[in-house]
Protein chains: 2
Amino acid sequence: MPSDQTRASILDAAERLYAERGFGEVTLRDIVAAAGVNLAAVNYHFGSKDALIAELFVTRGVATNRARLTELKEAETAGNGRADVKAILRALVGPTLRGCLGPDNQQSTAAHFMIRASIESVPPIRRIKNREIDHLRKFAAAIRRALPDCDDADLYWGLHFALAMAHQTIRDTERLTKLSEGKCDLDNVEALIERIVDACAMMLTAANRTPARTETASSTIRRAEKLKN
Amino acid sequence: MPSDQTRASILDAAERLYAERGFGEVTLRDIVAAAGVNLAAVNYHFGSKDALIAELFVTRGVATNRARLTELKEAETAGNGRADVKAILRALVGPTLRGCLGPDNQQSTAAHFMIRASIESVPPIRRIKNREIDHLRKFAAAIRRALPDCDDADLYWGLHFALAMAHQTIRDTERLTKLSEGKCDLDNVEALIERIVDACAMMLTAANRTPARTETASSTIRRAEKLKN
DNA sequence: GTCTATATGCAGATAGAC
DNA sequence: GTCTATCTGCATATAGAC
């Protein structure tokens, strides 16, 4: 068996098992058993468990980011350099949601792995995470072009909440399903994407409209002041 | 030293350490060192590490839920049995946000612990979590009274997203702070609460207004259909 | 490059003296 | 109830033969 084959088998098995069960629950022994290779091969090829996780996080993160950026570029060219806000938000949350909640044939272990990585922020991953910020800046810039008058803070909050909604929905499908007794359909990913996109677009544009925004801001401040006393 | 004292010391130390560093990173030896008691005391008083975590989760969960329900009752009596939607949402997300992001003297280790518990869903916690559903039903019922015409699914999605936004903001303050270069003020908890409450109230009432809702739903379906081909 | 065998370390749990 | 000392098991990592 050529060396690259062993390496790839380990990466594939590790990605799948980590995505399914989490870093804490999967041992190197589990991985080598699933990959059909020897235990020592992991340390030979990657040096350590942490290095294996780090390599997975980098390569799979690149894959996810590429999917998002492809959709973003499409939206921007379709709008002659200024994409529609909803299209931008769709590019941000769509790939991950489809990769984790979509029909089985569309799901990607990469997306599942990245969600797992964000849930269990183990040391090797924490060290790398800063690159995500640069990636998000591209979406912030796109929204800035789409909504030139939008307040900076509102813009970042909008991005943050879009990711929060998508992410939390993936992580905890069970609670919502039980609470709603099946009335919230988590299998209809496209409807879910639109729900999140609509909500965040509403936040961004409501913040952008001067009257509504002033009203919100002043009511906020009024309440905040009241509570200080 | 009386027995209850040892028990309480262990609970306090465990809660604090788990909240700060997570279950995977804290050993029983760390806990007994911080509590100033003997290692064997943990197993004597609680039986196992898992039982200790379970006990913490139950007692601290009750504390958090009580804080939320107190605010909910206040809102309902203020509205003569039918609370304002925003007041309901405020009761849902306010206590946890204040307990985790508010000024130091208002923060509670219980709130931090509960957030940690929801991040690292270790086995002992997963087994108990169902009670949360019953707790949330009370908020669903309150919203149902406040917005009798609101669609069931929209209502549950609104609750879900409110928790998602609050929760994710607590868990990942760092990314937003860095991304926004400090422009998103995470120290102003009351403003944050209003931001989340306003956004979710907007979702709920926009879904409730028949014209807007129909429009959203149909655009969603249109897009979903388009993507199937 | 791949294997077997083993070193090393730390975790949770327990036996038994006091 | 509380302590010391120890058992047991499992995880990562490595040494060294092939």
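Excluded from the calculations below are hydrogen atoms, water molecules and symmetry mates; all remaining heavy atoms, backbone and side chain alike, are included. Letters A, B, ... are given to chains in the order of the sequence lines, protein chains preceding strands, and every chain is numbered from 1.
- Atom CD in B:Glu25 sits roughly 14 Å away from atom P in C:dC10 (whole-Å rounding).
- For the side chain to side chain donor-acceptor pair (under 3.5 Å) condition, the pairs that include at least one residue of residues 23-34 of chain B, sequence neighbours left out, are B:Thr27-B:Asp30.
- The salt bridge (charged side-chain N to carboxylate O under 4.0 Å, His left out) search around B:Arg144 returns B:Asp152, not counting sequence neighbours.
- The side chain to side chain donor-acceptor pair (under 3.5 Å) contacts involving residues 34-48 of chain B comprise nothing, where partners must be two or more places apart or lie in separate chains.
- For the atom pair CD1 of B:Ile119 and CD1 of A:Ile119, the computed distance is 10.0 Å after rounding to the nearest 0.5 Å.
- Contacts of A:Arg116 classified as side-chain contact (heavy atoms from CB on, under 4.5 Å), with partners at least two apart in sequence or in another chain: A:Phe23, A:Glu120.
- Legend: residues meeting side-chain hydrogen bond (donor to acceptor under 3.5 Å, both in side chains) with A:Arg127, ordered by chain and number and at least two apart, are absent.
- For the helix from C:dG1-D:dC18 to C:dC18-D:dG1, the axis fitted to the five pairs at one end and the axis fitted to the five pairs at the other end meet at an angle of 10° (nearest 10 degrees).
- Scored by the side-chain hydrogen bond (donor to acceptor under 3.5 Å, both in side chains) test, B:Ser121 finds B:Lys129 as partners (sequence neighbours excluded).
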Under 3.5 Å, which donor-acceptor pairs do the side chains of residues 50-64 of chain B form with other protein atoms, sequence neighbours left out?
unit_1	atom_1	unit_2	atom_2	d
B:Glu55	OE1	B:Arg7	NH2	3.3
B:Glu55	OE2	B:Arg7	NH2	2.3
B:Thr59	OG1	B:Glu55	O	3.2
B:Thr59	OG1	B:Leu56	O	3.3
B:Arg60	NE	B:Glu15	OE1	3.4
B:Arg60	NE	B:Glu15	OE2	2.7
B:Arg60	NH2	B:Glu15	OE1	3.1
B:Thr64	OG1	B:Arg60	O	3.2

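- Between C:dT4 and A:Asn38, a contact under 4.0 Å exists linking OP1 or OP2 to a side-chain N or O.
- Contact annotation: A:Thr6 reaches the phosphate of C:dT2 (side-chain N/O to OP1 or OP2, under 4.0 Å).
- Atoms CZ (A:Phe23) and P (D:dA11) sit 17 Å apart, rounded to a whole Å.
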**OP:** Mark up nucleotides 11-18 of chain C, 5' to 3', with B wherever a protein heavy atom is under 4.0 angstrom from a base atom, S wherever such an atom reaches only the sugar-phosphate, and - elsewhere.
**Re:** SBBB----

